[in-house]
Amino acid sequence: MTTTVLRTADRWWVEDPGTGRAVEVDTTARTTAELLADRDAVDQAAATVAASADAVEVADLDLCSPVTARCRVVAQMVNYRSHAMESGFNPDAVLPTFFRKASGSITGPTATIVRPAHVRLLDYEVELGLVIGERLPVGTAVTESSLPRYVAGLVIANDVSARDLQLPKGQFYEGKSYPTFTPVGPRLVLLAEHEFPHLERLRLRLWVNHVLRQDRTVADMIVPPARALTLLARFQTLDPGDLLLTGTPGGTALQAPPKPVELVAGLLPAAVKWKIFLGAQAKKDAYLQHGDLVTASISTDDGVLDLGSQRTPVEHR
């Protein structure tokens with residue numbers, strides 16, 4: 001069965017989701033990679049959490065991201081059919097594409113998302129994160145049967161994006177790497193091998209101010225995890241504690257313009273095209289504003305897998 005790991009500033013915990021209580025893990029691990037290497041300590045805490053007199057209420061813990069920096073944060077672009085269609089792509093023609101985010105962008109599940117003063121179009125993307133458990137060397141071919149060897153567990157992530165920086169420059173690193181642009185957690189759910197078939201039933205949801213914006217299951221993915229890791233391993237080594245974000249479903253603030261408008265815009269000089277496009281986007285109220293609250297959750301509908309929920313306010317500085 002799953003083991004639910006939490007992290008506070010100076011220690012690790014195992015949660016009993018049924019009671020909402022947690023016990024401390026007896027470990028010297030400081031990083032996610034070190035914790036995954038001390039699995040005996042995690043398993044010992046998991047065996048005692050339900051009946052432990054030392055258990056504490058999870059609601060009383062100030063939770064941090066269960067994925068610690070420094071680590072590699074790699075993300076997949078346009079990896080849900082619903083997101084591809086709203087972005088103006090044919091889902092059957094989308095080529096698997098990866099990009100990197102700075103691990104300094106990682107923040108906790110209740111921390112404030114800070115919109116820098118020069119950013120106008122701040123977007124959200126709820127994503128299923130895969131936490132690597134064993135070194136994945138270049139050249140590795142990952143299959144559905146070997147996926148549990150390389151993926152230790154799952155987290156919720158929000159790939160926050162400054163669209164007005166990302167799109168005109170044609171590169172993602174800056175627009176997705178500002179501090180607080182990757183809320184992660186609250187839970188790191190470590191999976192047993194027999195639980196991996198449940199992945200495609202996981203439902204990703206995101207609300208802004210309690211209004212549902214995104215709602216799809218992993219079955220909507222274009223490139224599933226085993227295939228994604230195989231493609232990534234063509235050129236990129238991953239180590240324990242690294243994080244792969246597997247794409248976001250439809251419902252983001254960014255939407256492609258109608259095809260006739262896109263065709264006309266293609267005839268314009270790049271600077272003019274982007275000025276018109278970004279001006280039109282700025283008139284939409286879907287982008288994140290100061291005072292907004294973003295809530296994200298990932299779980300199967302029957303609760304067999306539950307990664308918890310994150311609640312992150314937005315602040316404009």
Side-chain angles (χ1 to χ4, degrees), residues 32 65-67 71-87 89 91 94-101 103 105-106 109 123-134 136 140 142-144 146-161 172 176 181-185 187-191 195-206 214-236 238-252 296-300 305-308 310:
T32 304
S65 165
V67 176
C71 66
R72 297 182 182 91
V73 182
V74 184
Q76 291 177 256
M77 185 181 79
V78 192
N79 195 38
Y80 279 71
R81 300 182 69 84
S82 53
H83 186 48
M85 290 185 288
E86 73 180 14
S87 300
F89 299 106
V94 168
L95 297 176
T97 304
F98 301 93
F99 60 91
R100 289 283 294 271
K101 296 187 66 158
S103 64
S105 67
I106 291 175
D123 208 347
Y124 50 84
E125 296 186 6
V126 61
E127 307 214 5
L128 174 65
L130 309 182
V131 179
I132 302 303
E134 182 173 317
L136 181 76
T140 303
V142 181
T143 64
E144 292 297 330
S146 67
L147 184 64
R149 173 180 175 183
Y150 298 104
V151 175
L154 312 174
V155 292
I156 303 171
N158 185 355
D159 177 21
V160 179
S161 307
F172 287 27
K176 291 173 173 281
F181 272 27
T182 313
V184 177
R187 294 170 174 166
L188 166 56
V189 176
L190 304 178
L191 300 183
E195 292 168 320
F196 276 79
H198 295 303
L199 259 63
E200 71 172 13
R201 299 196 297 113
L202 285 167
R203 183 174 297 278
L204 289 70
R205 293 187 181 97
L206 182 140
Q214 296 182 276
D215 184 4
R216 287 290 193 285
T217 69
V218 169
D220 191 37
M221 267 189 189
I222 297 171
V223 180
R227 178 62 176 159
L229 288 173
T230 298
L231 295 172
L232 186 57
R234 288 179 176 178
F235 62 90
Q236 171 74 77
L238 293 178
D239 288 307
D242 287 345
L243 178 62
L244 173 63
L245 307 182
T246 55
T248 197
T252 61
S297 71
I298 300 179
S299 65
T300 56
L305 295 181
D306 187 350
L307 310 190
Q310 56 178 236

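All residue numbers in this chain count up from 1 along the given sequence.
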Interatomic spacing from [atom1] in [X] to [atom2] in [Y] - rounded to 0.5 Å:
{"X": "L202", "Y": "T217", "atom1": "CG", "atom2": "OG1", "value": "8.5 Å"}
{"X": "E127", "Y": "I298", "atom1": "CD", "atom2": "CD1", "value": "8.5 Å"}
{"X": "H198", "Y": "L191", "atom1": "NE2", "atom2": "CG", "value": "9.0 Å"}
{"X": "I222", "Y": "Y80", "atom1": "CD1", "atom2": "OH", "value": "10.5 Å"}
{"X": "Q76", "Y": "D159", "atom1": "CD", "atom2": "CG", "value": "11.5 Å"}
{"X": "L307", "Y": "L305", "atom1": "CG", "atom2": "CG", "value": "7.0 Å"}

Side chain to side chain contact (heavy atoms under 4.5 Å, CB included) for D306 and R187? Distances and angles first, verdict last. CA-CA 9 Å; D306 187 350; R187 294 170 174 166; 3.4 Å; yes
Determine, step by step, whether R216 and H83 satisfy the side chain to side chain contact (heavy atoms under 4.5 Å, CB included) criterion, reporting the C-alpha distance in whole Å, the side-chain angles of both residues, the deciding distance to 0.1 Å, and the verdict. CA-CA 10 Å; R216 287 290 193 285; H83 186 48; over 6 Å; no
Side chain to side chain donor-acceptor pair (under 3.5 Å) involving N79 - partner list, sequence neighbours excluded: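 Result, side chain to side chain donor-acceptor pair (under 3.5 Å) vs N79: none returned.
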Where do L154 and L199 land on the side chain to side chain contact (heavy atoms under 4.5 Å, CB included) test, with the steps shown first? CA-CA 9 Å; L154 312 174; L199 259 63; 4.1 Å; yes
For L136, all residues meeting side-chain contact (heavy atoms from CB on, under 4.5 Å), sequence neighbours excluded: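 L136 satisfies side-chain contact (heavy atoms from CB on, under 4.5 Å) with T140, V142, Y150, L229, A233, L238 once adjacent residues are dropped.
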Backbone of [Y] reached by a side-chain donor or acceptor of [X] within 3.5 Å:
{"X": "E144", "Y": "A226", "value": "no"}
{"X": "Q214", "Y": "T248", "value": "no"}
{"X": "T143", "Y": "S146", "value": "yes"}

Test side chain to side chain contact (heavy atoms under 4.5 Å, CB included) on D239 and I132 and set out the steps. CA-CA 6 Å; D239 288 307; I132 302 303; over 6 Å; no
Please give me the minimum heavy-atom distance between P66 and T32, naming the atom from each residue.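 It is O-OG1, 2.7 Å.
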